Q: 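Can you read through this structure? Questions will come right after.
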Amino acid sequence: MAEVKLVHVAKAYENGPRVIRDATITVQDREFLVLVGPSGCGKSTLLRMIAGLEDITDGDLLIDGKRMNDVPPKDRDIAMVFQNYALYPHMTVYENMAFGLKLAGLPKDDIRQRVSRAAHLLEIDALLNRKPKDMSGGQRQRVAIGRAIVRNPKVFLFDEPLSNLDAKLRVQTRIELQKLHRELNATIIYVTHDQVEAMTLGDRIVVLRDGDVVQQDTPINLYNQPATQFVAGFIGTPPMNFVPGRLSETGPLHFTSKGGQVQIDLSNSQPEARLQAHRGKPITFGIRAEHLSEQPPAARSVHEQALAVEAVENMGNETLVYCPIDTGQLIARLPAGYATTFGQPIRLFWNLDKAHFFDAQTGQAI
Amino acid sequence: MKKQIPYWLVSPYLLYFAVFVAFPVAFSVVLTFHSWNIISPMTFVGLDNYRRLFSDRLFWQAIYNTLRFLLVHIPLQIVVALALAEFLNQKIRGQAFFRGAFFLPVIVSGVVVTILWQQLLGFNAGILNRGLTALSLPRVAWLEEPGIAMYAIALMATWKNVGLYVILFLVGLQTVPVQYYEAADMEGATAWQKFRYITLPMINPTIFMVVVLSTIGGFSLFIEPYIMTEGGPLNSTLSAVMYIYKQAFQYYHMGYSATLGFFFALLILGVVAIQKRYVEQEN
Ligand SMILES: Nc1ncnc2c1ncn2[C@@H]1O[C@H](COP(=O)(O)OP(=O)(O)O)[C@@H](O)[C@H]1O
Ligand SMILES: [Mg+2]
């Protein structure tokens, strides 16, 4: 059992502004929770407060209901894997993994057993006598995870553990981390700035921005129901298309893009009721690439428009088509093998049932 | 023409090197085979100077004195310098002041420091003995007792030079990435365990540098005993360099003095080589 709870937690570094303003997050027992957000938003700070490496300025940290704010790191039953691994360079892999156990005064046999079990699990048995400098990045990373595992902690903290690996190794390690999570049966709190990592690993994701928790939910809910324009743009590849514009003040409900190129009739559409309160106000229209198609979708309301084509990316399994519009660009995700003649416009059907609307001032979803 | 330019460019240094390094070294090697009192012409004596060296009890006593000095000076220097560096590496108030204060004796003239310490170590009115008296302890004959004088000088030399080594250790400590300490914090290491298992191994190169520098510096011990004790009592603080100096400039045995100096340089080289060997094995 290990449930980690942050209640109205805030953090200000010495004489600085608050870099975490008010975070309330519950990490359930054995959950894989991912903290994601752009660089500098406070992810590491939050993780280090849980670890006990930073003081908590305000609010409470509870582990299994016990307040941990003033408990030293070693007594929190937490292990952390650092971004650059922080393996002791003068110790072998075995010594690195055994260090904490030795300090804790475990019997030698016990230490040997635990280290070899972890080494076996991570397939680093053959490396036990090597020094960190004689290993690849991927191997070091395994050792760093091994050092965390041997202590058998209740909670694992990972701070961008894949960021020093090349793209291929990152994909492979992602899968192994999932496997590891099942095998360890432990609570994991994982920090990354990479939304793909967050989507693929997290049972639940917490999106951070400038020290604020913007949304926390399952990956699929974040994708389908982003609470703000920031989340909508951050989660998903390619990012959601945004068209800034305005709703009609009177008459049938109508959206007009800033330059007037996009005119969408919203009367009798599914979101109509929600949007009434925003008549006459600036809003941002959002639609994902897969909701723009060549064939009319089976949907209650559809918008149809011909657009010029600027670029085509053939990915093999799909084709991304880039269309310039007055307020920027639209990306459509079309089936594989779509061929276009440049200079020829493309007719796209917009599935308005799947469209998103954001208050242009606050960025909140409507 | 073009080919000559580099030679012209290095010629000032070559000239300096020739006059102040190469020539004196070569000349002193030549001197070791001669007897010379500066005034009369040199006379060739073959290996006489070397023979004399090996049976010169006072020279060996001076070497022994110097080693006794080093035995106290080097460990004391390292321990005190490292402790002060650790202290200054914390976030403390007045950090800049302390860093300056510990370095001050390094730049003050050795003569001044020595005279100052002569006062501190005085038998009757010295501050150290007054302190002992105040604690109802017997006074110590710091500079008058043959068994103690050299160690009192080692204490003073450490005080004078420690600032330099504090700076070296500070630089060493600051190169240890903070992550290692954080990782150790997570694993429950105490302050001592972090020092023992992380700091010490990681500043090993600095420790070696300090050992070598203070060995070389310690071997050249001269000003302190020369001013404070003139080598006494009973030649117990006569250092090797001081003896070489006396042979040259009190007795004008230039050839013999050069021989001693030459031999002494080889000795230092040997000691440092052994130290290096030892440290390389550690890694
Ligand atoms: N030790 C520190 N002292 C002062 N400010 C810090 C310190 N560490 C991080 N910050 C600031 O806190 C903010 C959040 O940093 P961090 O938690 O490292 O972000 P992230 O891990 O999301 O990239 C940044 O603005 C950063 O400059
Ligand atoms: Mg970070």
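None of these values were measured; they are calculated from a predicted model. Every chain is numbered from 1, with letters handed out A, B, ... down the list of sequences.
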Q: Which of residues 178-186 of chain B get closer than 4.5 angstrom to chain A, counting heavy atoms alone?
A: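 The residues closer than 4.5 Å to chain A, in numerical order, are B/Gln179, B/Tyr180, B/Glu182, B/Ala183, B/Ala184, B/Asp185, B/Met186.
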Q: Report the residues that fulfil salt bridge (Lys or Arg N to Asp or Glu O under 4.0 Å) with A/Asp58, sequence neighbours left out, ordered by chain and then residue number.
A: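 Once residues adjacent in sequence are excluded, the partners of A/Asp58 under the salt bridge (Lys or Arg N to Asp or Glu O under 4.0 Å) criterion are A/Arg18.
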Q: If you count heavy-atom pairs within less than 4.5 Å of chain B, which of A/Pro153, A/Gly52, A/Pro73 leads?
A: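 Looking at each option in turn, the highest pair count goes to A/Pro73.
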Q: Report which part of A/Leu101 has an atom under 4.5 Å of a heavy atom belonging to chain B: side chain, backbone, both, or neither.
A: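 No part of A/Leu101 comes within 4.5 Å of chain B.
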Q: If you count heavy-atom pairs under 4.5 Å between each of A/Pro72, A/Ala104, A/Ala148, A/Gly100 and chain B, which one has the most?
A: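 When all of A/Pro72, A/Ala104, A/Ala148, A/Gly100 are compared, A/Gly100 has the most.
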Q: Taking CZ in A/Arg67 as the centre, count heavy atoms belonging to other residues, nucleotides or ligands within less than 6.0 Å. Is the count above 12?
A: yes
Q: Report, one line per pair, each donor and acceptor closer than 3.5 Å where one atom sits in a side chain of residues 164-176 of chain B; sequence neighbours left out.
A:
from	atom 1	to	atom 2	distance (Å)
B/Gln174	NE2	B/Asn89	OD1	3.3
B/Thr175	OG1	B/Gly172	O	2.6

Q: Where does A/Phe82 contact chain B at under 4.5 Å (heavy atoms): side chain, backbone, both or neither?
A: side chain
Q: Counting C-beta onward and ignoring hydrogens, is there a side-chain heavy-atom pair between A/Met135 and A/Ile124 closer than 4.5 Å?
A: no
Q: Evaluate whether atom CZ of B/Phe219 has more than 12 neighbouring non-hydrogen atoms of other residues, nucleotides or ligands under 6.0 angstrom away.
A: yes
Q: With under 30° as parallel and over 60° as perpendicular, where do the rings of B/Phe69 and B/His73 fit, or are they tilted in between?
A: parallel
Q: Considering only heavy atoms, which portion of A/Ala79 lies under 4.5 Å from any heavy atom of chain B: side chain, backbone, both, or neither?
A: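 For A/Ala79, the backbone is the part near chain B, not the side chain.
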Q: Chain B heavy atoms under 4.5 Å from A/Asp75: which part of the residue, side chain, backbone, both or neither?
A: neither
Q: For A/Arg76, which atoms come within 4.5 Å of any heavy atom of chain B: side chain, backbone, both, or neither?
A: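 A/Arg76 has no heavy atom closer than 4.5 Å to chain B.
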Q: Answer with yes or no whether the side chains of A/Tyr190 and A/Glu197 bring together a donor and an acceptor at under 3.5 Å.
A: yes
Q: Do we see a donor-acceptor contact under 3.5 Å between the side chains of A/Thr45 and A/Tyr13?
A: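 Per modelled atom types, A/Thr45 and A/Tyr13 side chains form a pair under 3.5 Å.
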Q: If the condition is salt bridge (Lys or Arg N to Asp or Glu O under 4.0 Å), which residues does A/Arg140 pass it with, not counting sequence neighbours?
A: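 Salt bridge (Lys or Arg N to Asp or Glu O under 4.0 Å) list for A/Arg140, sorted by chain: empty.
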